[in-house]
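Values reported hereafter were calculated over all heavy atoms of this structure, with side chains retained and with hydrogens, waters and symmetry mates removed. Reminder, nothing fancy here: chain letters follow the sequence lines and each chain counts from 1.
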Number of protein chains: 2
Amino acid sequence: MVKYFDGGLDAVFHALADPNRRHIVEALSHGERTVGEVAAPLSISLPAVSKHIGVLERAGLLRRRRDGRVHRLRFQPDALARGSEWIETHRRFWEESFDRLAGYLEKHSTQRPDKH
Amino acid sequence: MVKYFDGGLDAVFHALADPNRRHIVEALSHGERTVGEVAAPLSISLPAVSKHIGVLERAGLLRRRRDGRVHRLRFQPDALARGSEWIETHRRFWEESFDRLAGYLEKHSTQRPDKH
DNA sequence: CTCATATTTAACTAGATGGTTAAATATTTT
DNA sequence: AAAATATTTAACCATCTAGTTAAATATGAG
């Protein structure tokens, strides 16, 4: 199996593919929160939240700081930026293709372009 | 049964969390491709590719057009835009928090803000 | 009609995921 | 020291995933 290194995009997108985990990221996007604070509005058990936090942590989306008996979680925007970059790169490719087609159509406005 | 069936964020991010599927999206970002063309560079069986295409299709990331015995696949950037929007929204929240903190520090430059 | 090509569907499998409850660990409070 | 609080780890389970090979479907070509 040809598994190429992709800079953690698998982990980042996988982490974002769950509504509870996105909810956690949303909570952290407003500031630092403890595990309990982040867990409160979710309708799952604390161990389940703990696992979700682990997934986000391994994906690089949050950082944990132990403060006494609470763990304070902090959003880590760089990992999110990596996901965003991949998406924007491919949206841009598409838009450029679209622009090239538009340009072609402008020059050859009476005929439709070949399919390839 | 298939878990990620609609074009929601779960489905979009889940679809992007696999390198083979991202490779397919990359191929399509350069233009329309058939199933066979998209499958050629991947080191997995055709049925496996067919399933990946189904995942991308259900996530709204591509559209299929039957043309004789080939299926032509077209990238669908709107779904990607939805993923991007979620990411950018939360990066923005974070940056705004950061800006507010910066503004606070500017006004109260001799003291550090409370951790709260 | 028959053969070849393009793609999907079916049936199966090993391993991952997301949830649970119960127990363990670490720290603060009394 | 004992009790309370915050969080993780362990053990378990049902379902989902990503892959496989073999068979089915649909269309095109000779």
Side-chain angles (χ1 to χ4, degrees), chain A residues 1-4 6 8-25 27-28 32-59 61-74 115-116, chain B residues 1-25 27-28 32-59 61-74 115-116:
Chain A
M1 224 174 290
V2 186
K3 204 91 175 181
Y4 54 93
D6 69 353
L9 279 179
D10 284 20
V12 170
F13 285 130
H14 167 71
L16 296 178
D18 179 280
N20 284 319
R21 284 194 294 263
R22 286 199 304 278
H23 200 114
I24 292 171
V25 170
L28 296 184
E32 211 173 50
R33 295 285 184 276
T34 69
V35 171
E37 285 167 352
V38 136
L42 304 178
S43 54
I44 56 176
S45 68
L46 210 44
V49 173
S50 182
K51 284 186 189 177
H52 283 309
I53 289 169
V55 169
L56 290 165
E57 198 174 15
R58 267 174 264 123
L61 284 161
L62 64 81
R63 250 189 45 197
R64 179 194 307 258
R65 177 166 64 87
R66 283 174 169 77
D67 180 14
R69 63 183 159 180
V70 306
H71 294 200
R72 298 196 186 278
L73 308 175
R74 221 180 73 191
K115 210 167 289 164
H116 148 263
Chain B
M1 274 300 174
V2 180
K3 189 176 178 184
Y4 302 108
F5 57 93
D6 61 6
L9 280 180
D10 284 20
V12 170
F13 286 130
H14 168 69
L16 296 178
D18 179 281
N20 284 320
R21 285 194 291 265
R22 285 199 304 278
H23 200 114
I24 292 172
V25 171
L28 297 184
E32 211 173 50
R33 295 285 185 276
T34 69
V35 172
E37 286 166 352
V38 137
L42 304 178
S43 55
I44 55 175
S45 69
L46 210 43
V49 174
S50 183
K51 284 185 190 177
H52 282 309
I53 289 170
V55 169
L56 290 165
E57 197 175 16
R58 283 189 294 278
L61 285 161
L62 63 82
R63 252 190 44 199
R64 178 192 309 257
R65 176 166 63 87
R66 284 176 169 75
D67 180 14
R69 63 182 159 181
V70 306
H71 295 200
R72 298 196 185 279
L73 307 174
R74 222 180 72 192
K115 212 165 292 163
H116 171 250

Looking at dA6(D), I'd like to know if its phosphate oxygens (OP1 or OP2) sit under 4.0 Å from a side-chain N or O belonging to His71(A).
no

With a 4.5 Å cut-off on side-chain heavy atoms, are Leu62(A) and Val25(A) touching?
no

Closest non-hydrogen atoms of Arg33(A) and Glu37(A), given as atom of the first, atom of the second and distance, are CA-OE1, 3.3 Å

Test item: Arg21(B) and His14(B) side chains (from C-beta on) under 4.5 Å apart, heavy atoms
yes

Does Ser45(B) put a side-chain nitrogen or oxygen below 4.0 Å from OP1 or OP2 of dT20(D)?
yes

Grab the two heavy atoms, one from Ala15(A) and one from Ala59(A), that are nearest each other, plus how far apart they are.
CB-CB, 3.9 Å

Among dG18(C), dT17(D), dT8(D), the nucleotide that comes nearest once only the side chain of Val35(A) is considered
dT8(D)

Can you tell me the distance, in whole Å, between the CZ atom of Arg66(A) and the P atom of dT27(C)?
9 Å

Separation of Arg21(B) atom CZ from dT17(D) atom P, in whole Å?
9 Å

Minimum-distance nucleotide to Ile44(B) side chain [options: dT7(D), dG19(D), dG19(C)]
dG19(D)

Which comes earlier along DNA chain C counting from the 5' end, the contact point of Gly68(A) or that of Ala48(A), where each point is its nearest nucleotide?
Ala48(A)

Just to verify, which of Ile53(B), Leu16(B), Ile24(B) counts as forming a side chain to side chain contact (heavy atoms under 4.5 Å, CB included) with Leu61(B)?
Leu16(B)

Please give, in whole Å, the distance from dA26(C) P to Arg72(A) CZ?
20 Å

What's the shortest heavy-atom distance between Asp18(A) and Asn20(A), and which atoms?
OD1-N, 2.8 Å

Given dT8(D), dA18(D), dT8(C), identify the nucleotide with an atom nearest to the side chain of Pro47(A).
dT8(D)

Strictly under 3.5 Å: I want the nitrogen or oxygen pairs between protein and nucleotides 1-5 of chain D, one per line.
unit_1, atom_1, unit_2, atom_2, d
dT5(D), O4', Arg69(A), NH1, 3.2
dT5(D), O2, Arg69(A), NH1, 3.2

